[in-house]
> 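Dumping the structure here so I can ask a few things about it.
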2 protein chains.
Amino acid sequence: MDEQKKGTRRRGQVLEEAILFAAWEELLETGYTQMTMESVATRAGTNKSVLYRRWPDKSALVIAAMRKYFFPKITNEIPNTGSLRGDVYAYLHARVEPLKTIGAETIRGLIMEPMVWRMIIASMPQIIQKPRSENKMIAAMAAILKNAELRGEVCLEKLTPRIISLPLALLQYELITKLEPISDETIAEIVDDIFMPLVRAAQQ
Amino acid sequence: MDEQKKGTRRRGQVLEEAILFAAWEELLETGYTQMTMESVATRAGTNKSVLYRRWPDKSALVIAAMRKYFFPKITNEIPNTGSLRGDVYAYLHARVEPLKTIGAETIRGLIMEPMVWRMIIASMPQIIQKPRSENKMIAAMAAILKNAELRGEVCLEKLTPRIISLPLALLQYELITKLEPISDETIAEIVDDIFMPLVRAAQQ
DNA sequence: TCAATAGGAAACTTTAAGTTTTTTATGTAT
DNA sequence: ATACATAAAAAACTTAAAGTTTCCTATTGA
């Protein structure tokens, strides 16, 4: 509950971080609809007006909390296994990994509260609705394919944006619909039964 | 506004249908969040308590309205255009068509609402964890492919369940992430750039 | 024709969002 | 050290909509 010593008044960064942490915990424990500005303020040991001074409304606060406590755990490193198949598999695997490792209660919170996923999608257009070209994940896929081209594995020009973004789309579709961490088998299916055959077909 | 004659008091079926129609119109015009029980009651020429006497809450009312005015529009007929490409395109197109009567705002609102989401899940079984084999839409895709096989276009045995369900998965991914009706171009991309090449590749 | 049923109207409670005001602690500049 | 600006704490307030209750009255049908 973040009990503060009497006579100590937090402000600035410190207070802001306490609020974001409280919001994140509240989100995991009660879910988006249950969580109120009041409950977050109370948990952070402060009050509503302090929250509204920083974020225009509830969704802005939640987005800020997720930006701080969830998204940074997702890596965007470009693997280098020596093959296109290996790189794509490794990249998808790494994207999905945080869900298994960011703490049991976090995953449980996210998985048990479908609204959190819907929230991410609905109120963070920049994550998913951004033009594909501006998307970090798509950029990573493009980089992986560029490497494959340098090795002579593919001709990048022959691949449409939709093909490039397909593995990520399928990964996200699995997450959204199954609401549980994705198995390695599913990742392998996406790569071996869908993506690689398509890439090969496009080379003709 | 469904003005009723003075001295005439509707009841039972008649009143219920007037309310559902008002709810549906209200939903289309203002979207889920804007629409209030009050506004629906007023539009139907009645009052809130009558609504609450029939449906426990707002989402139940919306669900009832959608069940009456939206879901019946979604067909599951198997087209017969003479080609696999044509059949898949036609099927996806027919599934998506009814969404165009609903605005993006409404789709967004509906998806944000847990009760409604559960209902959508219930009536669009693709989105849930149901085994693919029990799914009506997947069954339709299988039937389309069976017809193609009879014409000698494909060998059905060589297609994995994931490939068969791919067009529908991508369609739903578009809907969930874009939260707006899907364009014909997108459907064509799914069919021509993804599905058909994959089917062809699988025949080798 | 009379009692049961259910619609109409309106006041009411509750809940949470969001705002405003007042008081007071604290960091910073003088 | 003092004073000043800043922003946190506290609480009252407004608003909007959900949902409830009550009372009255039109309609139905036994």
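Chain letters run A, B, ... following the sequence lines, proteins first and then strands; every chain starts at 1. The shown structure was predicted, so the numbers you read here are calculated from the model rather than taken from an experiment.
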> Determine, step by step, whether B:Thr186 and B:Leu171 satisfy the side chain to side chain contact (heavy atoms under 4.5 Å, CB included) criterion, reporting the C-alpha distance in whole Å, the side-chain angles of both residues, the deciding distance to 0.1 Å, and the verdict.
CA-CA 9 Å; B:Thr186 299; B:Leu171 206 67; over 6 Å; no
> Per the end-axis method with five pairs at each terminus, what is the bend angle of the helix from C:dT1-D:dA30 to C:dT30-D:dA1, to 10°?
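One end axis against the other gives 10°.
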> Side-chain N or O of B:Tyr52 less than 4.0 angstrom from OP1 or OP2 on D:dT20?
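The answer is no; no side-chain N or O of B:Tyr52 sits under 4.0 Å from OP1 or OP2.
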> Taking all non-hydrogen atoms of both residues, which atom of A:Arg85 and which atom of A:Ala188 are closest, and how far apart?
NH2-CB, 4.2 Å
> Whole angstroms only, please: what is the CZ-C1' distance between A:Arg54 and C:dT19?
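Distance check: A:Arg54 CZ to C:dT19 C1' gives 17 Å.
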> Rounded to whole Å, please give me the gap between CG in B:Leu15 and P in C:dA6.
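B:Leu15 atom CG is separated from C:dA6 atom P by 12 Å.
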> How long is the line joining CG of A:Leu61 and C1' of C:dG18, in whole Å?
14 Å
> Return the value, rounded to whole Å, for the distance between atom CD of B:Glu17 and atom C1' of C:dG7.
17 Å
> Once each nucleotide of nucleotides 11-17 of chain D is scored for protein heavy atoms under 4.0 Å, what B/S/- sequence comes out, 5' to 3'?
B-----S
> Would you name the heavy atoms of B:Lys58 and B:Met37 that are closest together and state the gap between them?
CA-SD, 3.8 Å
> Minimum heavy-atom separation for B:Gly82 and B:Asp87, please, with both atom names.
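Where B:Gly82 meets B:Asp87 most closely, the heavy atoms are N-OD1, 3.9 Å.
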> A:Arg9 has a side chain; which of C:dT5, C:dG8, D:dA9 sits nearest to it?
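That would be D:dA9.
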> So, does A:Thr46 get its side chain near the phosphate of D:dA8, meaning an N or O under 4.0 Å from OP1 or OP2?
no
> With respect to the phosphate group of D:dA8, does any side-chain polar atom (N or O) of A:Arg53 fall under 4.0 Å of OP1 or OP2?
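Affirmative; the distance criterion is met.
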> Ignoring hydrogens, what is the shortest heavy-atom contact between A:Met66 and A:Trp24? Give both atom names and the distance.
CG-CZ3, 3.9 Å
> How long is the straight-line distance from CZ of A:Arg11 back to OG1 of A:Thr46, given to the nearest 0.5 Å?
11.5 Å
> What are the two closest heavy atoms between B:Pro98 and B:Phe70, and how far apart are they?
O-CE1, 3.4 Å
> Rounded to whole Å, please give me the gap between CG in A:Leu51 and P in D:dA9.
10 Å
> Select from B:Pro56 and B:Arg11 the residue whose nearest nucleotide in DNA chain D is closer to the 5' end of that strand.
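Its nucleotide being nearer the 5' end, the pick is B:Pro56.
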> Assess whether side chain to side chain contact (heavy atoms under 4.5 Å, CB included) is satisfied between B:Leu166 and A:Leu170, documenting all intermediate values.
CA-CA 9 Å; B:Leu166 188 65; A:Leu170 291 178; 3.5 Å; yes
> Looking only at non-hydrogen atoms, find the nearest pair between B:Phe195 and B:Ile163 and report the distance.
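Smallest heavy-atom distance, with atoms named: CE1-O, 3.5 Å.
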> Expressed in angstrom and rounded to an integer, what is the separation of A:Glu38 atom CD from C:dA17 atom C1'?
10 Å
